[in-house]
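Everything on this sheet refers to the single structure shown next.
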Number of protein chains: 2
Amino acid sequence: MKIGDGVEWAVHLCGVLAAAPEGRSLPRAKLAEFHDLPPAYLAKHLQALSRAGIVTADRGVKGGYRLGRAPAQISLLDIVLAIEGVEPAFRCTEIRKRGPCAAGPSACRKRCPIARAFLEAEAAWRQALAGVTVAEMNAVAAAEAFDDNRRRAFRAWLTAALQ
Amino acid sequence: MKIGDGVEWAVHLCGVLAAAPEGRSLPRAKLAEFHDLPPAYLAKHLQALSRAGIVTADRGVKGGYRLGRAPAQISLLDIVLAIEGVEPAFRCTEIRKRGPCAAGPSACRKRCPIARAFLEAEAAWRQALAGVTVAEMNAVAAAEAFDDNRRRAFRAWLTAALQ
DNA sequence: TCATTGCGGACAATATATATCCGTATTAGA
DNA sequence: TCTAATACGGATATATATTGTCCGCAATGA
Ligand code: FES
Ligand code: FES
């Protein structure tokens, strides 16, 4: 049970995009450079975010990516579902219906209690992630991990990346 | 982000073992037969349960597997951690430390807030699974999915499987 | 002594994740 | 109108993880 690296990439990059001026977009190459990521593969994840409406992609010269809505309206769950897909991690294969003591149709009128328990646990996981936004992550990071020097460095990079 | 089939297998089979008389063990072949699972591969998962102390393995003639402790003392979380491993699903690769605006040591004194949020969500997931036991699953299944016929069929199979 | 069973390592097959490349469409600006 | 920059989507390649089998060994009861 593992979560792909793309999720970590996407959340961090949404934080970067949230710091860009309203309406301005950052090209894929700049986003990849910021965290030293493979540009070609990053493109796949950005496309997934784009399909989910989390980012908006602008094509052509001066194109790139910008957030599709306010950072306070983008939760970590939104990003996870966009990158990893919406299917639950636990997949019931209905093994209760197989073997010498298989559950017949009448025994299967309700979903298997084991599957129910796992889906409930996953709902708790999703709820926790739904309660955290990109805006909050940026606020915490700004308070904990940015001194004046780093703040200056970041603004300089951002200005250059916007051309 | 997917959970392997072995978890579903293991939880269901712990339910079967919980129905066996105290101290009696069921061999791998019988357990595989019950849900029509590949015996050789199931053995791997049973070994993992054994290493975790969830089941006890008896070797030799009349050997097999039995629960290592009372069904009410075995949670779904115990089984998941035994089968899937104890590492969290979210793995932070510390990408904040890379690239042109990398976080230095002073900025990394606290764990990245994004990683914290994911680990907290995972803690909620684990807590939900820790609150459900094999005994409870069996009680619910007995009430919802076993009529007299199926109960009889199960006891017959169990008797035969115990030789 | 023998048949039965679990253990653990080696190995193979398959699926998924990671990564790259290229042709096409789109756009800003010269 | 032309050009360079950019995202898109499909095809492809590689790496890793999952799923699955097999076999020699140790343990056990009859
Ligand atoms: S049959 Fe799938 S979890 Fe019970
Ligand atoms: S650096 Fe890994 S989650 Fe932020």
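Numbers restart at 1 for each chain; the letters A, B, ... are given by sequence-line order, proteins then strands.
A donor-acceptor contact under 3.5 Å is not formed by the side chain of B/K44 with the base of C/dG6. No donor-acceptor contact under 3.5 Å links the side chain of B/R59 to the base of D/dA27. Residue B/Q47 places a side-chain atom within donor-acceptor reach of the base of C/dG8, judged by atom type and a 3.5 Å distance cut-off alone.
A salt bridge (Lys or Arg N to Asp or Glu O under 4.0 Å) with B/D58 is found for one member of B/R66, B/R28, B/R24 and no other, namely B/R66. Here the rule is side-chain contact (heavy atoms from CB on, under 4.5 Å) with A/I74, and of A/I79, A/V132, A/T133 only A/I79 fits it.
Here C/dG6 presents its P atom at 13 Å from CG of B/L49, a figure rounded to the nearest Å. Going from atom CZ of A/R28 over to atom P of C/dT26 covers 18 Å, rounded to whole Å. Protein atom CG of B/L17 is 14 Å distant from nucleotide atom C1' of C/dG6, rounded to whole Å. Rounded to an integer number of Å, the gap from CD of A/E87 to C1' of C/dT16 is 15 Å. As a whole-Å value, the separation of B/L26 CG from C/dG6 P is 10 Å. Rounding to whole angstrom units, CE of residue A/M1 and P of D/dT18 are separated by 10 Å. Whole-Å rounding puts the B/L46 CG to D/dG20 P distance at 14 Å. The distance from atom CG of A/L13 to atom C1' of D/dA7 is 16 Å, rounded to the nearest whole Å.
At D/dT18, one or more side-chain N or O atoms of A/K2 fall inside 4.0 Å of OP1 or OP2 (strictly under the cut-off). Contact annotation: B/S50 reaches the phosphate of C/dC7 (side-chain N/O to OP1 or OP2, under 4.0 Å). Contact check, A/R51 against D/dG9: a side-chain N or O comes under 4.0 Å of OP1 or OP2. Look at A/Y41 and you won't find any side-chain N or O under 4.0 angstrom from OP1 or OP2 of D/dA13.
Closest approach to the B/V61 side chain among D/dA7, C/dG6, D/dT28 is made by D/dT28 (side chain taken as heavy atoms from C-beta onward). Relative to the side chain of A/A57, the nucleotides C/dA28, C/dT18, D/dA7 differ in distance, and D/dA7 lies closest. Here the nucleotide nearest the side chain of B/Y65, chosen from D/dT6, D/dG20, C/dC7, is C/dC7. Of the candidate nucleotides D/dT21, C/dT20, C/dC7, C/dT20 has the atom lying nearest to any side-chain atom of A/A40.
Judged by distance alone, the side chain of B/R91 and the main-chain N or O of A/K2 form no donor-acceptor pair under 3.5 Å.
Taking every heavy atom of both residues into account, A/A52 and A/A82 meet most closely at CB-CB, 3.6 Å. Taking all atoms of both residues into account, the shortest heavy-atom contact from B/Q73 to B/D78 is O-OD2, 3.7 Å.
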Atom pairs and distances, side-chain donor-acceptor, residues 113-122 of chain B, under 3.5 Å, sequence neighbours left out:
{"residue": "B/R116", "atom": "NH1", "partner": "A/E144", "partner atom": "OE1", "Å": "3.3"}
{"residue": "B/R116", "atom": "NH1", "partner": "B/R111", "partner atom": "O", "Å": "2.7"}
{"residue": "B/R116", "atom": "NH2", "partner": "A/E144", "partner atom": "OE1", "Å": "3.4"}
{"residue": "B/R116", "atom": "NH2", "partner": "A/E144", "partner atom": "OE2", "Å": "3.0"}
{"residue": "B/E122", "atom": "OE1", "partner": "B/A89", "partner atom": "N", "Å": "3.3"}
{"residue": "B/E122", "atom": "OE1", "partner": "B/F90", "partner atom": "N", "Å": "3.4"}
{"residue": "B/E122", "atom": "OE2", "partner": "B/A89", "partner atom": "N", "Å": "2.5"}

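Ranked by how close their nearest DNA chain C nucleotide is to the 5' end, A/L42 and B/G60 are led by B/G60.
A/G64 comes within 4.0 angstrom of the backbone, heavy atoms only, and of no base.
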